[in-house]
Amino acid sequence: VQTIRKSIPEATPSNVEFPAATIADAPRFSYRGAHFDVSRHFFPVDSVKSFIDMLALHNINTMHWHLTDDQGWRIEIKSLPELTELGSKRDGTVIGHNSGVYDSIPYGGFYTQDEARDIVKYAADRHITVIPEIDLPGHMLGALKAYPNLGCTGGPYEVWQIWGVSEDVLCAGNDSTYKFIDTVLGEITELFPSEYIHVGGDECPKTRWAECAKCQAKIKELGLKSDAKHTKEEKLQSHVIHHASDFLASKGRKMIGWDETLEGGLAPGAIVMSWRGEAGGIEAAKLGHDVIMTPNSYLYFDYYQTLDREKEPDAIGGYLPVERVYSYEPIPADLTAEEAKHIIGVQANLWTEYIPTFAQAQYMELPRMAALADVQWSSAPKDYKKFAARVPQLINHYKANGYNYARHMFNVTGTLTPDTINHAITLDLMTVDSAPIYYTLDGTEPTEASLLFDKPVQLNGSTTIKAVAIRPSGRSDVFVDSVSFNKATSHPVTLVNAPHPRYKAKGGQTLTDGKFGTNGYGNGDWVGIVGSDLVAVVDLEAEEEISSVTTRTCVATGDWVFDARGMNVAVSTDGKEFTTVASEDYPAMAMSSNSIYTHSLTFDPVKTRYVRVTVKPEIAMPEWHQGAGRPAFVFVDEIEIN
Ligand code: ACM
Ligand code: ZN
């Protein structure tokens, strides 16, 4: 029925004629989920219903409702009223990425049990099951604020105003913790008729438990011992999760936990939600447990959906365009057919630290949810172009429903490839649906009167490229990129020390590709290295007179990415014996803001063929940083030599 519904042109009020046809269709996976975090930011009942409507449109049959976390407890528990009276409110919210600056605006919200029942019914009317998550034993500051006796130190605790993973968690040595779990899950199972109940289990630091007399006494009482695979504290967490699982079993329910619940041994019959990639899911399936795949590397919709971050609302990081979501194959190749049966479903997660409004939640979901739906439903061989051809019809429904959606997938994408033979740069432009692309190379706005792109273009000098796809339905965003030529451009580069495997930037070739890295060190432009100096040798391929070297660093302190501590330039005519011509050390960064920094060294003109540029990372992260004392990353792009 949904397939027929989606085939109707929403925007056309006249009669609709269908060709005679037979639809043979069935879902690949029985569990087709979408997760919605309403703790970091609270979304009113109407927004949750709108979210459910979006799921129905995409044949998704489960909403995983993340109701509690360090930043707020959002579900009424009648016998523990302080959970919402105190635990649903925070005094303010940090601005940006744990910047240390707060908005000081009181923030709160929760769902009454009547509202939760209403949402469960609204979903059920649309064949959608709501699975609640009470995340334990970590992510608990909302509850600890209300009941500080449930923590190892006894508090006082505050509902968190920052993002991250708090070290304050439920005390696993305290009998009242287990009573608390039973009370909460008791009311939750009465509210939510779902077969599965999610108890979290992710990201629970063991720092407090290691120092807590009650937790250590519990470890002794249970006879838990550290072994090669698990610490005694990890086994204690397993004990807490087993307790929750047993309680749910007594109510005829099954438990879902994040993949950390594998640590210290899974509870019998527990379902694992694999989020840190697929490894946990694979391990659980091999152990005979059912698995829901939600790997962050494909299905975290809080990640950016474009590399062009400057025009985007702030997001947590990462890069997951529609195409990557679509490419996800949920059955790992190394499972046997029998083990593969344990992969019961697929889900995308929406964590809302950086998503304060529902319009933004829609923007992060759509149209990635269309790609998710295809992964969840379809057994057909993957064909991204065919999928993309179907999306505009779905977008008509988004428009008709007033949904906010992202438009990147129909934008022009461009690649700039160094042509090391002609010392030029080759420009290629494309769209997913081969729509006509018009471009300019003089900085003017492209129109239908501009050059029509029909084959790759050789660029021989500094240029700004602007391109647009023009379709009957309208114009795409304008693609803008520029290349800047200098004496290093399109000459080969050798990296002396291995970069981090995730940030190899084509073996360093992006350093001389004429394209300056933009904000977002993970976009492929930047060479990233940690633990050793970045040493790049540029071969100018002929003797050139040079007198300056400029490079740039990208800083993102929250991600352990800091500015350089120093830079050195050395020259050589044979590529073996180098002579330093300029060197500078920079002061240690007490605190640097997230930005791109330029570093230049000038020196007396020298004739040379090889230029060795060394960029030194911060050796130890500063005192104020959570990674204090550990080496920092440095990210570098473009080496300009003049
Ligand atoms: C998670 O993203 N912490 C499950
Ligand atoms: Zn404790």
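Whatever order the structure lists ligands and atoms in, that order sets their numbers, starting from 1.
Between K218 and E221 there is a salt bridge, with a side-chain nitrogen of the basic residue lying less than 4.0 Å from a carboxylate oxygen of the acidic one. A salt bridge is absent between K341 and D290: the closest approach of a Lys/Arg side-chain nitrogen to an acidic carboxylate oxygen does not fall below 4.0 angstrom. Between D118 and K49 there is a salt bridge, since at least one side-chain N of the basic residue sits less than 4.0 Å from a carboxylate O of the acidic one.
Excluding waters, the set of protein N/O/S atoms under 2.8 Å from the Zn ion (ligand 2) reads C152 SG, C171 SG, C212 SG, C215 SG.
Polar contact check, D202 against ligand 1: a nitrogen or oxygen pair lies under 3.5 Å apart. Close N/O approach between Y300 and ligand 1 is found [any backbone or side-chain N/O within under 3.5 Å]. Among the atoms of E203, some N or O lies under 3.5 angstrom from an N or O of ligand 1.
The aromatic rings of F36 and F51 sit parallel to each other, their planes meeting at less than 30°, with 60° as the upper class boundary. Between Y398 and H58, the ring planes lie tilted relative to each other; the angle falls in the 30° to 60° range. Using the six-membered ring where Trp is involved, W258 and W275 have ring planes that are perpendicular, over 60° apart on the 30 and 60° scheme.
Within ligand 1, the atoms closer than 4.0 Å to a non-hydrogen atom of W258 are 4 (C), numbered from 1 in the order shown. Annotation for ligand 1: atoms under 4.0 Å from non-hydrogen atoms of W351 are 1 (C), 2 (O), 4 (C).
The residue from H35, H41, H198 that alone fulfils the ring pair (Phe, Tyr, Trp, His ring centres under 6.0 Å) condition with H66 is H35.
D37 and S39 form no side-chain donor-acceptor contact under 3.5 Å, judged by distance and modelled atom types alone.
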